[in-house]
Amino acid sequence: MSKISSMGLTTRIMIGMVLGILVGSIFQDILAGEDDYLIPLGLFSLPIKAFFVDGIFHIGGEIFISSLKMLVVPLVFVSLVCGTCSLSDPKKLGRLGGKSIGLYLLTTAIAITVAISLALLFSPGEGVPLPTNNVYDEKVAPSLASVIIAMFPTNPFEAMAKGNMLQVIVFALLFGVAMALSGKAGNRVATVFEDLNTVILKLVTLLMNIAPYGVFFLMAKLFTTIDIDLIAKLAQYFLVVVAALLIHAFINYSVLLKIFTGLSPVKFLTKMKHACLFGFSTSSSSATMPITLETATKKLGASNSVASFTIPLGATINMDGTAIMQGVATVFIAQVYGIDLSVTDYLTVILTATLASVGTAGVPGVGLIMLAMVLNQVGLPVEGISIIIGVDRLLDMTRTAVNITGDCMVTCVVAKSEGELDETVFNDPNAAKDLEDYHKSLD
Ligand code: ASP
C-alpha cells in the first residue's frame, strides 16, 4: 500500500488507466454473449452490466469529471483576476491578447494543413462503402459574429453559473484592471484574491489524489462499450488522424517552440505527460484546465499573469487536435462520396476549420458538431459524419491531449517573449514533479 502511495502521481494515473482498459475489455468480452449475466449475491443476483458498468464505473467516472469541472470557473476567475491586477503595464494586456490569439490561429492553420496533406497522401476514404441508412442529426454551428458578441456578459454571475468561459475571461480581465486602478481598496481586495487562489490550488491537490481512481472508472466504462471492430473497419481513417496528431504534437510544436524561444522541446514534451493523461482520459480540455494551468506555471515556469490568461483562452479557442480531425474527416468524406474538392475548397476548409476551432467548446465530441459547419462550407454531405462517429471517442481523447499541449506551447512562447518565463523552472526536470511537491510546499 505504502509502495503505491510513494509512487509518483503520473505513474499512479497511468496504472489506473491501464487497469481500467484491461477491466473494461474483460467486461466487454463477458458481456458480448449474454447481456444480463448475473452475479450471485447471497439471496439476490445482480446483472453485471447494471452493477458495474452503469453503476460503479459510471458513477465513479462522472463524479471525477464533475469535480474537475467544479474547479474550472473559480480557478480561472480567481487566478485571472490575480494575474491581471499584478500586470505592471496595462498595455501588456493588449499585447498578450494579440500574441496569443495570433499564435493560436497560426498553430491551428498549420495543424489542419498537415492533416489535409496526410489525408490526400494516404486516401483513407477510398474503397469505403457509402453509408446506407445512416442518419446524422445535424446541429447548427454558431456564426463567428455571434461568438464574438457572446463574449461580453450581460450578467457575470449567469456567465459563471453557465460556465461560459469566454464571458468569465472578459469579466475577470475587466475586474482585475479595475482592481489595479483602485489604489488601496484594490490592494486590499487583491490580498483576498491571492489567499483565495492558494485555497483553490489546495482543492486541486485534494482532487488530484482521486485522479487514478477517476481515470480507472472512466477507462473501464469506455472500454466496456467501445467498438473495436468498427475501428478496425475504419483503420485507415483512424491511423491517418492519429499520425497527423502525433506529427503536430511532436514535430510542429517542437519546431515552433525552438524557433520562437530556443527552449528544449524534449523538456517541454516530457513535462506535458501529466496534463496529457488528464486530457486523454477526460476528453475535455475544459475539465483539464486546472491541471493545464498548474503545468504551465509550476512545471514550465510561465508567470501566473501570462498563463492565467493564455490557458483558459486556449482551452476555449485553441483546438489544433480538433482541427486535425476535421481536416482528415473532410477529405475522407469527400473520397467516400466520390466528390472532388478543388484547391479553393481546401483553402476554405483550412480557414473554416481554423475559425470553427474558436467556437468549439472544450468538451467531449464538440469537434464533430463543428465539422458539420466545415462540410457545409464546401458542399459535402453532412450525413458523412455518421460514418466516423463510431470511432470518434478514442480520437477525441487523443486530440484533446494535443489541444492541451498546444495551449501550453503557446503559453511558453508568449511568456518568453514578455520576459515572464522562469527558465530555471522550465529546465529543472524535477520542478513540481507530479505537481505534488509544489502542493506539499503550500502546507
Ligand atoms: N474534446 C475536445 C476538447 O475538449 C473538443 C473536441 O474535439 O471535440 O478539447
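Computation of the quantities below employed the complete heavy-atom set of this structure, encompassing side-chain atoms and omitting hydrogens, waters and symmetry-equivalent molecules. In each ligand, atom 1 is the first atom listed, and ligand 1 is the first ligand listed.
Shown in contact with R399 at under 4.0 Å from a heavy atom are these atoms of ligand 1, numbered in order with element: 6 (C), 7 (O), 8 (O). The S284 neighbourhood of ligand 1 comprises atoms 4 (O), with distances under 4.0 Å to a heavy atom of that residue. Close approach of ligand 1 to D396 is summarised as follows: ligand atoms under 4.0 Å from at least one heavy atom of the residue are 1 (N), 2 (C), 6 (C), 7 (O), 8 (O). Of all the atoms in ligand 1, the ones that sit under 4.0 Å from a non-hydrogen atom of M319 are 9 (O). For ligand 1, the atoms sitting less than 4.0 Å from at least one non-hydrogen atom of S283 are 1 (N), 4 (O), numbered in the order shown with element in parentheses. In summary, the atoms of ligand 1 found under 4.0 Å from a heavy atom of T322, numbered by their order in the structure, are 5 (C), 6 (C), 7 (O).
For the 3.5 Å distance criterion, the side chains of S308 and S79 fail to qualify, holding no donor opposite an acceptor.
Crowding of K99 atom NZ: a count of heavy atoms from other residues, nucleotides or ligands under 6.0 Å exceeding 12.
Under the 30°/60° scheme for interplanar angles, the aromatic rings of F193 and F77 are found to stand perpendicular.
Taking the six-membered ring for Trp and the full ring otherwise, the centers of F27 and F57 sit less than 6.0 Å from each other.
Remark: D392 engages R399 in a salt bridge, criterion side-chain N to carboxylate O under 4.0 Å.
Of the N or O atoms in S286, none lie within a sub-3.5 Å distance of an N or O in ligand 1.
Here the options are T354, V331, T330, the test is side-chain contact (heavy atoms from CB on, under 4.5 Å), and the partner is V349; only T330 passes.
In this structure, of G367, A315, S285, G406, the residue bringing a heavy atom nearest to atom 4 (O) of ligand 1 is S285.
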